[in-house]
Amino acid sequence: MRYFDLFDLPVQFDVDLLTLQDRFRSIQKQVHPDKFANGSDQQKLLAVQQASEVNDAYETLKSPLNRAEYMVAEHGHDVKHEQETIKDGAFLMQQMELREELEDLESSNDPEQALDVFYSDIKKLIKLYTDEFNVNFDKQEYKLAAMSVKKLRFIYKLKSEAEALEDKLLDY
Amino acid sequence: MALLQIAEPGQSTNPHEHKLAVGIDLGTTNSLVASVRSGLPEVLADEQGNKSLPSAVQYLEDSILVGHEAKNNAASDPENTLVSVKRFLGRGLEDINRLYGDLPYNFVEKEHTVNIQTRQGEKNPIQVSAEILNKLHTQAIATLGDALQGAVITVPAYFDDAQRHGTKDAAEIAGIKVLRLINEPTAAAIAYGLDSGKEGVIAVYDLGGGTFDISVLRLNKGVFEVLSTGGDSALGGDDFDRAIVKLLLKNANVTAKLSAKSLRKMYDLGRELKESLTINEAVEFNVSLVEGNIVGQITRAEFESEIEALVKTTLRSCRRAVKDAGVELEEILEVVMVGGSTRVPLVREKVEGFFNRTPLTSINPDEVVAIGAAIQADLLVGNKPDSDMLLLDVTPLSLGLETMGGLVEKVIPRNTTIPVARAQEFTTYKDGQTMMAIHVLQGEREMVDDCRSLARFVLKGIPPLTAGIAVIRVTFNIDADGLLSVTAMEKSTGIESSIQVKPSYGLEQSEIADMIKASMSNAKEDMAARMLAEQKVDAIRMIEAIEMAINESGHLLQANELEAINNAIEALRLSTAQTDGDVIKTSIKALDDISQPFAARRMEDSIKQALTGHSVDDV
């Protein structure tokens, strides 16, 4: 089952999240195992499988990175498992700088302020590579689009590391 | 005067027939059973009018006491009277000693769990829980007057897989059909949310006897979505009692280890003082132990300074849960208070301070979970066919696999909506490798040693290939109860070999059967009778469900398919008149098989219908 078809949505990166959420809930109301609590074992199993798939489809389309990965995967580019590395020197340099910035954050005088700056840089880069992905995908340049997704993966990874650091600094 | 029943065509003669179902709050300190009667949820009282049953089980020479009597005997017979046994579910001895310290029991260490030595022999925490469930079940049947269709049982949101399995196993031993395990805070939100029709984000702060849970939920158009859960499965009101005991012993300069009896007595005193300090600013006490008398006074301020760190720990979990939910503190519309320990003034004060709003306390915090579970049970057995409510729950802890170097690779992150199925692919690292060890873990930390080991198994029969060629696909399935099963399969050569694992902390099916037998006086006949009764109930339920399905969407069936299904229904109906459980079982299977394509078609159709409805809305 194609995820976009499941929710009756056009195959494009820009997804109306409210529509997606709404349709997800309508479908879950039909297939969720709770509807079959009194059903036979096979029926329950079928419901669990369906509901799992619907949950997975929703989680995939809900998150921008997962969505982009899924879109290129449909065209044969498995970004998550491919071994091919990024050869874009400028991008790699930028990554190293960001990583250093993140490492220095903890010891900076005002870590919260530094974090804010870091987040705003990350946000700009996410926009940059998302736009790049969109352009490539629309031109059906799937290999290039996959490369943009790879870059996005790096950026999102940095973002989650920054969030982990924030947790640590704020003493959760 | 006899009235004639007139039914609408296509409906059963009694369309409003009410099916009996209960919600059970299997608590650390107290357990409750509730049911929806005449449209209203209420906690069912026992013959003496008690609404809550102490979660205490006393093993006498030739009988077992459950509840108040057992609790009252706890101080005089501590080794054989098990209280707060829920804390030991799915835990090993090391955990128990670390978390709870001095306990008056004789533990017997098992591979991953503990047994407790009583005068009736070794008892597993699951068996003890089953005794409590059994008592509630019996009480419910007596009150409601007929056999139950099933029960919703609540568990702390923070319960891991082993603890959930343990709870479900206990229900099976007690002869209860579990409709669903739901999280306690979710149940509490159902109790409040639906009745008052709230929409928006709410937090449920649940501080019970032995566990603390915080959950953030979104209520929207009848959909209950659990956004995040957090908490601590080893923190609760009992810790407040212990804090008091510690303080009293310190003030009295008692350093020697107390006897089991004295400890029990001290904990009871601690609980009494805690409850008293909810209303009073200071309380005097006088307790006589074998070791001597302890007399004195404790003030609320002293008590509060002892527990402040514990309360703070709960707020830290709250902050994390709010963050995990992806919402801002200000977005939270309501805070629901659950659990007797939320009566402690300091707790209310701190929670109010943290969320910056007055928490909801209008439903009795001891009953709210059972009430919510009863509402959900009523819905699941189909008493409210028009209800729009849907509960979407999440998994509380991340699940992963051990990879090289003792690291954990997460396969399903925490707070993923369930049910869920996720697969991860691995490969061999040696030429000709034919086996692979798979180690399943639960927890948030990166190292294997810091996570909870759920299961280990070995996948055999991998075709001998060059390293890195074989592809082993490991699939995690979590069902709607939050229970995990794992399968592994080698797929590169098309040779499939898979294994179903049940976490090593749970009981084997054979052990469950043994315990069911052991709990019956006349084992063999009882067992057969129970199986037969269960088969009959299953058969009737299934016939009803399929007839309703045909009523609703018979148009999806060809004439010959319909005939085949009707024949299978008839065969099943005939088989229920017999006393052979196996015949019924076979007939159920036959009907299930033949109606399977119909079920699948119905589901597809309902998805389409759901979206068509939307397109109209969207226009």
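In what follows, every chain begins at residue 1, and chains take the letters A, B, ... in the order their sequences are listed.
- In B:Lys19, the NZ atom is crowded: over 12 heavy atoms of neighbouring residues, nucleotides or ligands sit closer than 6.0 Å.
- Counting heavy-atom pairs under 4.5 Å between each of A:Ile27, A:Val54, A:Val48 and chain B puts A:Ile27 at the top.
- Residues that satisfy the side chain to side chain donor-acceptor pair (under 3.5 Å) test with A:Asp56, not counting sequence neighbours, are B:Arg422.
- Considering every non-hydrogen atom in both B:Ala421 and A:Ser52, the closest pair reads N-CB, 3.8 Å.
- Scanning for salt bridge (charged side-chain N to carboxylate O under 4.0 Å, His left out) contacts around B:Arg541 gives B:Asp538, with sequence neighbours left out.
- In summary, the side chains of A:Gln30 and B:Asp605 do not present any donor paired with an acceptor at a separation below 3.5 Å, with no hydrogens or angles considered.
- The shortest side-chain heavy-atom distance between A:Phe24 and B:Leu392 falls under the 4.5 Å cut-off.
- In this structure, the portion of A:Phe36 lying under 4.5 Å from any heavy atom of chain B is its side chain and not its backbone.
- Taking B:Leu379, B:Val381, B:Asp479 one by one and counting their heavy-atom pairs under 4.5 Å with chain A, the maximum is reached by B:Val381.
- Heavy-atom distances place no part of A:Leu45 under 4.5 Å from chain B, backbone and side chain included.
- Considering only heavy atoms from C-beta on, A:Gln43 stays 4.5 Å or farther from B:Ser595 through its side chain.
- Looking at A:Gln42, the atoms closer than 4.5 Å to chain B (heavy atoms on both sides) sit in the backbone and in the side chain alike.
- Annotation for A:Lys157: atom NZ does not count as buried by contact number, only 12 or fewer foreign heavy atoms lying within 6.0 Å.
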Next item on the list: Show your reasoning for whether side-chain contact (heavy atoms from CB on, under 4.5 Å) applies to A:Gln28 and B:Thr417.
Entry: CA-CA 11 Å; A:Gln28 274 300 13; B:Thr417 308; 5.6 Å; no
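- Of the listed residues (B:Ile546, B:Ile478, B:Asp593, B:Leu315), the one with the most heavy-atom contacts under 4.5 Å to chain A is B:Asp593.
- Atom CD of B:Glu446 sits in a sparse spot, with 12 or fewer heavy atoms from other residues, nucleotides or ligands closer than 6.0 Å.
- Here A:Asp8 contributes atom CG and B:Ile607 contributes atom CD1; the two are 12.0 Å apart, rounded to the nearest 0.5 Å.
- Summarising the geometry, atom NZ belonging to A:Lys35 is positioned 10.0 Å from atom CG belonging to B:Leu390; distances are rounded to the nearest 0.5 Å.
- Counting heavy atoms of neighbouring residues, nucleotides and ligands inside a 6.0 Å radius, atom NZ of B:Lys410 exceeds 12 of them.
- Proximity to chain A (any heavy atom under 4.5 Å) is restricted, for B:Ile418, to the backbone atoms N, CA, C and O.
- Counting non-hydrogen atoms of neighbouring residues, nucleotides and ligands closer than 6.0 angstrom, the NZ atom of B:Lys589 reaches no more than 12 such neighbours.
- Screening A:Glu53, A:Gln49, A:Gln50, A:His32 for a side chain to side chain contact (heavy atoms under 4.5 Å, CB included) with B:Pro419, the sole residue that qualifies is A:His32.
- Looking at B:Leu179 and A:Asp34, their side chains never come closer than 4.5 Å, going by heavy atoms from C-beta outward.
- Residue B:Arg445 qualifies as open at atom CZ: its count of foreign heavy atoms under 6.0 Å is 12 or below.
- Within the 4.5 angstrom heavy-atom criterion, only side-chain atoms of B:Gln376, from C-beta onward, approach chain A.
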